Each structure stands twice: as structure tokens, then as C-alpha cells.
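Note sheet for the following structure.
No hydrogens, no waters, no symmetry mates; every other heavy atom, side chains included, goes into these values. What you are looking at is a predicted structure, and each value in this text was computed from that prediction instead of being measured.
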Amino acid sequence: MAYELYYWDGIQGRGEFVRLALEEAGADYIDVARQATRGTGAMFAIMESESEPHIPFAPPFLKDGDLIIPHVANILFYLGPKLGLAPEDEGLRHVVNGLQLTITDFVAEVHDTHHPIDTSLYYEDQKPEAKVRSAAFIRERIPKFLGYFERVLRQNPKGRNHIVGDALTYVDLSLFQVIEGLAYAFPKAMANRKAEYPALLALHDAVAKRPNIARYLASPRRLAFNEEGIFRHYPELDSTG
């Protein structure tokens, strides 16, 4: 039975972290909201159900048979062993989960650069505050988070090819997406800082060349970044830091 991924149509967003894992593994899955026959109505039917005992708060969520798993890091923690994208050692699986949760924190801060006051307001309603927030994000938060992941890569006893151990995990794929998103949203800032993160950039390039990922990136299944998702490019928010 195919996995069912529920996320908003038209954007990569948080759902992309799950898509990358499914695509790398060659897993059979359905991107439900992008289906003409089911669409986002099928997603809301689950979220607004008055009988489903385990309703998710928000997308993305994954349906595997009757089981519904919400939240990106939780979904990947569930899928990792099934897709061969998690360490065999149980302890290291929790290390990988912790890294993914840190990515979750980082992605939330990325979102807040363009919506620093209220998610229900348009970006245009909070542009001055977004400019202040983005400047601080570029100056302080990008180096804090990327510097941390760079250190983890460099200090991996099994080498710098992967974030944990000597084999690909879903966190490697997620770090690829983070670098891709930041390069789209803040091209000036990232170009100015890229020399600081050689191990991360090498990991990004290696992931992009993996056969299944390369095919996915070249396919229509890979949605383009746009100003409706998490990573948005507003030139006025970008700077060299």
C-alpha cells in the first residue's frame, strides 16, 4: 500500500523534507493534495473529522494504512528505518532525530523572517518588522545553526560524508533542503558566507548528485520555490550580513 503524504498543494514547504526521503528511497507514495480527484479536500476531511481518533493539528502528516503520523521530524523518525534512511543502532536513531528537531527549529525561524508578527497577516503588512528580523537572522541565526551543523559533520568519527555514521540518513537530505532554501531566500547572505561551511556545501552537492534525488529535482514533482512557502525571496530582506 502506498504511503499518503498530506500537505498543501503548490509549495514545497515543510512537506518537502518528507518528499525527499520518499523520493530517495524510491518509495511508493501519493501526494494527496496534488491529485485532481482528491486535492486539499481530502486533507481537510481528515483534519476536520469528528470521528478520527488521532486527528493531526496541521499538515504535513503521513498516512500509512490506518496510522496517521503528524509533524516532519516525527514522520521521518517513523519512516527512516523503513526506508533505510536511519542508523541501525537505536541510540543513533535518537541522535538523528535530535538533529532533525534542530532543523525544525531553524525552519521555524526562517518562516519568521517574513512573518515576524502574525502568520495571519500578509507579508506586506509587516515589512518593516520583517526587515529587522531578517537582518538579525542573517547576522546571528544563520551562522549559529549552520555553524553547528558544520561542526557536527566535521566531528563525525565516520567522516564528513554524512551527518551521522557512514551512510545516508534523512537528516542529510534535510540539510540539502535547508541549504537549497537559504540560497533561494537569501542569495547574497549565503554567497557571502559559503566559505564558512565547506563540509555542509559538500554534503549538499553530494545529495544533489544521488540518482534518485537528481531525477526528482529534474521532474515536475519537484515544485519550484515561491513566495507562498517557507523559504521566500524578498530582495529587500537579503543582505551580505
Side-chain angles (χ1 to χ4, degrees), residues 1-52 54-79 83 85 100 103-104 106-115 118-126 170 173-174 176-185 207-208 212-234:
M1 185 179 296
Y3 295 109
E4 293 186 351
L5 174 63
Y6 292 80
Y7 195 65
W8 305 108
D9 186 21
I11 62 173
Q12 292 183 19
R14 293 178 175 86
E16 194 67 10
F17 296 98
V18 181
R19 291 190 192 103
L20 285 167
L22 293 166
E23 291 283 347
E24 165 60 26
D28 188 12
Y29 78 100
I30 301 167
D31 210 335
V32 175
R34 297 182 67 186
Q35 285 192 317
T37 55
R38 298 175 70 184
T40 54
M43 183 172 75
F44 279 108
I46 294 175
M47 293 169 58
E48 297 174 355
S49 170
E50 295 184 359
S51 59
E52 168 59 50
H54 304 298
I55 53 173
F57 179 72
F61 55 92
L62 185 84
K63 200 165 184 287
D64 184 10
D66 293 330
L67 181 63
I68 297 173
I69 306 102
H71 287 283
V72 171
N74 194 37
I75 294 168
L76 292 174
F77 188 69
Y78 174 79
L79 283 177
L83 302 181
L85 292 172
Q100 189 68 45
I103 291 173
T104 299
F106 192 25
V107 170
E109 293 199 23
V110 172
H111 172 271
D112 289 348
T113 61
H114 49 77
H115 276 75
D118 190 339
T119 57
S120 66
L121 294 176
Y122 291 109
Y123 164 67
E124 288 73 18
D125 298 323
Q126 45 196 319
Y170 57 80
L173 301 171
S174 292
F176 162 82
Q177 178 66 6
V178 166
I179 298 299
E180 283 281 293
L182 290 174
Y184 172 79
V207 168
N212 283 357
I213 295 298
R215 281 191 289 270
Y216 170 58
L217 297 177
S219 77
R221 297 190 305 280
R222 170 72 166 186
L223 299 167
F225 287 106
N226 58 56
E227 278 54 71
E228 300 296 326
I230 300 294
F231 297 98
R232 304 186 186 186
H233 177 56
Y234 296 116

Whether Y123 and Y234 hold their rings parallel, tilted or perpendicular, with breakpoints at 30° and 60°: parallel

Steps toward side-chain contact (heavy atoms from CB on, under 4.5 Å) verdict (I46, I55): CA-CA 7 Å; I46 294 175; I55 53 173; 5.5 Å; no

Close side-chain approach of V178 and I103, heavy atoms under 4.5 Å: yes

Candidates Y78, Y29, Y3 - the one meeting side chain to side chain donor-acceptor pair (under 3.5 Å) with D64: Y78

Any donor-acceptor N/O pair, D125 side chain to Y122 backbone, under 3.5 Å: yes

Side chain to side chain, L20 and I213, heavy atoms closer than 4.5 Å: yes

Any side-chain heavy-atom pair of H54 and P70 under 4.5 Å: no

Gap between atom CD1 of I75 and atom CG of L22 - 0.5 Å precision: 9.0 Å

Ring centres under 6.0 angstrom apart (F231, Y184): no

Heavy-atom closest contact (D118 atom, Q126 atom, distance): O-NE2, 3.1 Å

Separation of E109 CD from T104 OG1 (nearest 0.5 Å): 12.0 Å

Where A108 and R14 come nearest, the two heavy atoms and their spacing: CA-NH2, 4.4 Å

Taking every non-hydrogen atom, the tightest pair across E227 and H233: OE2-N, 2.9 Å

Under-4.0 Å salt bridge between R222 and E16: yes

D66 atom CG, neighbour heavy-atom count above 12 within 6.0 Å: no

Audit row: E24, Y216, side-chain hydrogen bond (donor to acceptor under 3.5 Å, both in side chains) steps and yes/no: CA-CA 8 Å; E24 165 60 26; Y216 170 58; over 6 Å; no

Minimal non-hydrogen separation, P60 against L5, with atom names: CB-CD1, 4.3 Å

Close side-chain approach of F106 to L182, heavy-atom, < 4.5 Å: yes

Donor-acceptor pair between D31 and Y6 side chains, under 3.5 angstrom: no

CG-CG distance between D9 and L223, expressed to the nearest 0.5 angstrom: 7.0 Å

Minimum heavy-atom distance between A58 and M47, given as atom pair plus value: CA-CE, 4.0 Å

Any donor-acceptor pair under 3.5 Å from S49 side chain to E52 backbone: yes

Reported OH-to-CZ distance for the pair Y170 and F77, which is rounded to 0.5 angstrom: 6.5 Å

Test log, rule side-chain contact (heavy atoms from CB on, under 4.5 Å), inputs R38 and E4: CA-CA 12 Å; R38 298 175 70 184; E4 293 186 351; 3.2 Å; yes

Heavy-atom pair with the smallest gap, counting every atom of P220 and R34: O-NH2, 3.3 Å

Atom pair NE2/CD1 of H115 and I230 - distance to nearest 0.5 Å: 10.0 Å

Note, V72 side chain near S174 side chain (heavy atom, < 4.5 Å): no

Note, V18 side chain near Y7 side chain (heavy atom, < 4.5 Å): no

is_close_aromatic(F61, W8), centroid dist under 6.0 Å: no

Test side chain to side chain donor-acceptor pair (under 3.5 Å) applied to Q12 and E228, Q177, E180, the passing residue: Q177

Spacing of CG belonging to L62 relative to CD1 belonging to I68, to within rounding of 0.5 Å: 10.0 Å

